[in-house]
Amino acid sequence: MGLLDKEFSDGNIVVANVEDLLNWARLSSVWQLGFGLACCAIEMMATSASHYDFDRFGLIPRNTPRQADAIIISGTVTLKMAIRIKRLYEQIPDPKYIISMGSCANSGGPYWEHGYHVLKGVDRIIPVDVYVPGCPPRPEALLEGLLKLQEKIRNESLRKKL
C-alpha cells in the first residue's frame with residue numbers, strides 16, 4: 001500500500017462531474033419572483049413563512065425579474081395582466097423556470113367559463129415547467145412543486161443544444 005492509497009482513503013476527496021456540481025449549485029439557490037394575483041398568493045406567502053420555510057430549500061424571494069431564476073404565477077391571470085407577465089418573463093435571465101400555482105393560473109379556474117377577461121391558463125403566453133394543482137393549493141403542494149422543479153434542474157444538461 002503506497003502513500004497515495006492511504007491519502008485518498010480518508011474521505012477527503014469528492015469526485016464529481018462538473019455538470020452535476022453546477023446543477024446542484026443552481027438547484028440549491030433558486031431566486032424566485034413571486035407574482036401573486038389572487039387567493040393563491042396567500043398560500044404562497046404562507047409557504048414562505050416560518051412554518052413551511054421556503055428558505056431551507058434555497059428559494060430566496062427577489063423583487064426584480066433581472067435577479068430572479070424562477071417566477072411563481074399564483075392566482076387568476078386576466079388578459080390585462082397577461083401582458084405584464086409576459087414582460088416580466090422576458091426580463092428574467094436564462095435559464096428561467098416557471099411554476100404555475102392554482103387552478104386559475106393552470107387553466108382559468110372557475111372563472112374561465114363565464115369570464116371573458118380570464119386567460120385560460122398562463123401556459124398560453126409563457127412556457128410552464130411545473131404545475132401545482134388545487135384551489136387554492138396547500139403550501140405542501142407548492143413545496144412538492146419546488147421539489148419537482150429542483151429535480152428538473154438536477155437532470156438538465158448544460159451543453160448547448162444544436
Side-chain angles (χ1 to χ4, degrees), residues 17-48 52 54-55 57-113 115-162:
N17 188 349
V18 173
E19 188 172 282
D20 292 341
L21 185 66
L22 290 175
N23 282 342
W24 172 79
R26 284 188 17 228
L27 73 89
S28 299
S29 63
V30 177
W31 290 9
Q32 67 136 347
L33 175 67
F35 202 75
L37 297 168
C39 49
C40 292
I42 303 299
E43 299 297 327
M44 183 177 65
M45 289 182 254
T47 310
S48 297
Y52 294 100
F54 241 9
D55 291 344
F57 295 102
L59 202 77
I60 309 298
R62 301 304 300 170
N63 293 325
T64 174
R66 291 179 179 92
Q67 296 175 349
D69 299 320
I71 183 169
I72 300 174
I73 307 292
S74 58
T76 309
V77 180
T78 61
L79 296 176
K80 191 181 280 188
M81 288 307 290
I83 300 165
R84 285 135 182 103
I85 291 172
K86 178 78 170 165
R87 183 179 303 148
L88 288 173
Y89 173 77
E90 291 169 351
Q91 291 177 357
I92 297 174
D94 286 330
K96 47 189 153 193
Y97 307 101
I98 309 300
I99 297 176
S100 177
M101 179 180 173
S103 297
C104 294
N106 292 345
S107 63
Y111 306 108
W112 74 271
E113 189 174 348
Y116 63 91
H117 62 292
V118 176
L119 189 68
K120 311 300 189 259
V122 75
D123 57 352
R124 293 184 181 229
I125 55 167
I126 57 176
V128 175
D129 295 303
V130 177
Y131 294 94
V132 178
C135 185
R138 298 268 313 144
E140 294 91 353
L142 183 55
L143 288 174
E144 179 69 24
L146 174 65
L147 292 175
K148 295 288 185 192
L149 181 63
Q150 286 182 335
E151 188 65 32
K152 179 179 181 173
I153 295 171
R154 180 178 288 117
N155 296 327
E156 274 186 347
S157 175
L158 298 177
R159 296 186 185 133
K160 196 171 208 173
K161 296 174 184 166
L162 298 174

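The closest side-chain heavy-atom distance from Pro110 to Cys104 is below 4.5 Å. Taking 4.5 Å as the limit, every side-chain heavy atom of Glu43 sits out of range of all side-chain heavy atoms of Tyr52. By the 4.5 Å heavy-atom criterion applied to side chains, Val130 and Tyr97 are not counted as neighbours. Leu147 is listed as a side-chain neighbour of Phe57, based on a closest heavy-atom distance under 4.5 Å.
For Thr76 against Ala38, the heavy-atom pair with the smallest separation is N-CB, 3.8 Å. In plain terms, the two heavy atoms of Gly108 and Val118 that are nearest each other are O-CG1, 3.8 Å. Closest heavy-atom contact between Pro127 and Ile98: O-CG1, 3.1 Å. The minimum heavy-atom distance linking Leu33 with Arg62 is given by the pair CD1-O, 3.6 Å. Nearest heavy-atom pair, Pro137 versus Met101, reported as atom, atom and distance to 0.1 Å: CG-CG, 3.6 Å. For the pair Ala68 and Pro93, the tightest heavy-atom approach, listed with the atom from each and the gap, is O-CD, 3.6 Å.
For Lys96, the NZ atom sits in a packed shell: over 12 heavy atoms of surrounding residues, nucleotides or ligands are nearer than 6.0 Å. Within 6.0 Å of CG on Asn63 lie no more than 12 heavy atoms contributed by other residues, nucleotides or ligands.
The pair Arg154-Glu151 meets the salt-bridge criterion, with a side-chain N (NZ, NE, NH1 or NH2) lying under 4.0 Å from an Asp/Glu carboxylate O.
Side chain to side chain, Asn23 and Glu19 fail the donor-acceptor criterion of an N or O pair below 3.5 Å.
Remark: the backbone N or O of Val132 is paired with a side-chain donor or acceptor of Asn106 at under 3.5 angstrom.
Residue pairs meeting the side chain to side chain donor-acceptor pair (under 3.5 Å) criterion with at least one partner in residues 118-133, sequence neighbours excluded, are Asp123-Tyr131, Asp129-Lys152.
With sequence neighbours left out, Arg84 forms a side-chain hydrogen bond (donor to acceptor under 3.5 Å, both in side chains) with no residue at all.
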